[in-house]
2 protein chains.
Amino acid sequence: MQYLKIKEILVEQIETGLLQARQKLPSERKMAEAFSTTRVTLREALGSLEAEARLYREDRRGWFVCPKPLRYDPRLTLNFVEMAKQQGREAVSELIFAKQTLATKKTSKLLQVTMLTELYHLARVRYLEQRPVVYVVNYIKAEYFKNLFDHDYVQSLTTTYQQHYSVSYQRTHYRVSTTSLFGDIAQALRATSGSPAMLVERTNYDQQGRLIDCDLEYWRHDAICIESVAELIEVPN
Amino acid sequence: MQYLKIKEILVEQIETGLLQARQKLPSERKMAEAFSTTRVTLREALGSLEAEARLYREDRRGWFVCPKPLRYDPRLTLNFVEMAKQQGREAVSELIFAKQTLATKKTSKLLQVTMLTELYHLARVRYLEQRPVVYVVNYIKAEYFKNLFDHDYVQSLTTTYQQHYSVSYQRTHYRVSTTSLFGDIAQALRATSGSPAMLVERTNYDQQGRLIDCDLEYWRHDAICIESVAELIEVPN
DNA sequence: GAGTGGTCTAGACCACCCG
DNA sequence: GGGTGGTCTAGACCACTCG
């Protein structure tokens with residue numbers, strides 16, 4: 001079991017700081033030679049460290065050491081940039097597209113509206129210290145936010161909701177599962193197709209209990225750690 | 001990109017029901033031949049479907065089609081068996097070990113006690129329809145539960161807490177991250193070493209706000225989907 | 001005991017990234 | 001344009017599972 005030995009060595013180098021967060025590893029060929037093995041076996045070790053969130057790769061660019069994950073609390077309405085700042089991290093949000101569309105079969109179900117209801121549809125990529133870590137898709141009920149695109153919607157939707165429409169999030173329904181990245185999303189995150197990912201789906205309600213929008217967040221799985229507190233519910237048998 | 005084609009075909013067979021949940025796939029050699037490729041490439045496709053939670057494997061036993069994940073709401077105090085039953089699933093809990101120990105550096109931090117505090121330490125494996133899906137480790141403050149082992153602690157700790165000690169969970173602090181399975185845990189879950197996993201860590205408080213125990217839950221990542229509702233918190237800037 | 005999955009070797013070609 | 005990562009071939013051995 002050579003690849004386990006390789007993993008141990010790499011983990012040790014990470015933990016002793018010989019390899020630092022965000023640092024690029026040597027090329028696969030060089031490492032394979034250094035460990036006296038083939039690329040196939042080396043990649044077995046690297047892939048396994050990727051699954052453990054110790055290494056990540058950028059498509060065709062190489063392997064890097066994972067920085068600490070961002071703590072994410074679904075109860076906080078904070079925008080991404082603020083959330084990162086409070087943890088001493090530097091964050092940026094970038095627009096991929098913003099358009100107006102009509103609800104399809106899938107989105108009408110997500111937002112509990114009839115098909116062809118007017119919606120805003122936007123996609124953004126968020127960066128942590130220059131590294132793209134989440135691809136966020138939003139579907140927003142247009143009826144509550146006339147002319148949304150006249151305001152800033154890239155950095156923080158929640159702020160715009162509040163300032164221009166007096167709407168604030170009150171409750172959120174969220175679902176967390178694991179998937180992997182493909183196509184446009186993988187590309188936007190500079191991830192290799194098939195990289196492990198965490199999917200956070202949220203449906204958000206305002207102070208009047210109205211369903212106002214939903215998010216699909218595709219996180220590079222090493223970049224996030226969900227952390228929250230919940231009051232427990234008594235369930236009758 | 002042969003392995004993508006292979007994936008597509010397998011996904012289609014799963015979605016059309018040609019391959020059913022829990023069904024075993026043919027051997028790797030047979031599939032490699034059927035797709036006119038080598039085992040290495042075939043395994044690339046299978047590994048990728050494993051990351052997407054469409055296939056899972058049992059160590060040295062082969063590849064299987066993933067059944068639907070169990071929905072898991074951290075707010076519910078329900079024991080595992082009840083939770084599964086409410087979703088029409090059949091569940092069983094099995095004891096791995098139960099012992100009394102003293103807090104170590106790691107566990108004293110988890111439970112916010114001084115080192116050498118008396119603790120119960122138990123490990124269980126939980127099955128969904130015969131399949132082991134979670135490995136649960138518990139650390140419990142012994143001071144609140146004298147002679148815990150005289151009662152049933154395998155099927156449901158929460159029930160025993162309530163009935164014999166008048167203690168019920170009120171609040172939980174939880175953290176969700178991705179890792180992978182190794183050693184004893186992988187073995188108990190019949191998983192190949194290095195399989196992707198979801199780690200749920202919980203710290204639980206009773207009706208008096210006392211920290212009473214904590215859980216480390218190692219889930220086969222395809223077997224769980226975390227789903228909950230949260231009231232949002234206003235955060236001053 | 002036959003066949004399986006887990007691991008490994010020693011190559012190869014290509015498209016892409018970066019200097 | 002050199003070197004890289006992504007993909008693929010055609011084998012091999014071993015320990016284990018299962019009938």
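Both backbone and side-chain heavy atoms feed into the values below; hydrogens, waters and symmetry mates do not. Here is the naming used below: chain letters follow the sequence lines, and residue numbers restart at 1 for every chain.
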Atom [atom1] of [X] and atom [atom2] of [N]: how far apart are they, to the nearest Å?
X: A/Gln187; N: C/dA15; atom1: CD; atom2: C1'; answer: 13 Å
X: A/Leu181; N: D/dG6; atom1: CG; atom2: P; answer: 14 Å
X: A/Leu4; N: C/dG6; atom1: CG; atom2: C1'; answer: 11 Å
X: B/Gln2; N: D/dA10; atom1: CD; atom2: P; answer: 10 Å
X: B/Glu33; N: C/dG3; atom1: CD; atom2: P; answer: 14 Å
X: B/Tyr56; N: C/dG5; atom1: OH; atom2: P; answer: 14 Å
X: B/Leu42; N: D/dG11; atom1: CG; atom2: P; answer: 17 Å
X: B/Glu44; N: D/dG5; atom1: CD; atom2: P; answer: 15 Å

Look at all strands and tell whether [X] reaches a base, only sugar-phosphate, or nothing, counting heavy atoms closer than 4.0 Å.
X: A/Arg60; result: base
X: A/Thr192; result: sugar-phosphate
X: B/Thr37; result: sugar-phosphate

The residue, A/Arg61 or A/Arg29, whose nearest nucleotide of DNA chain C is more 5′ is A/Arg29

For A/Met1 and B/Ser27, take the nucleotide of DNA chain C holding the closest heavy atom to each; which residue's nucleotide lies nearer the 5' end? B/Ser27

Within the structure, does a side-chain N or O atom of [X] lie under 4.0 Å from either OP1 or OP2 of [N]?
X: B/Arg57; N: C/dG5; answer: no
X: B/Lys30; N: C/dT4; answer: yes
X: B/Thr41; N: D/dT9; answer: yes
X: A/Tyr3; N: C/dT7; answer: yes
X: A/Arg39; N: D/dT4; answer: no

Any side-chain donor near an acceptor of the partner, A/Ser93 and A/Arg124, under 3.5 Å: no

Classify the ring geometry between A/Phe97 and A/His121 as parallel (under 30°), tilted (30 to 60°) or perpendicular (over 60°). perpendicular

Describe, in one word, how the ring planes of A/Tyr72 and A/Trp219 are oriented to each other, choosing from parallel (under 30°), tilted (30 to 60°) and perpendicular (over 60°). perpendicular

Worked check of salt bridge (charged side-chain N to carboxylate O under 4.0 Å, His left out) between A/Glu15 and A/Arg54: CA-CA 10 Å; A/Glu15 283 176 352; A/Arg54 307 208 81 130; 2.9 Å; yes

So, for B/Pro67 and B/Arg131, which heavy atoms are closest and what is the spacing to 0.1 Å? CD-NH1, 3.8 Å

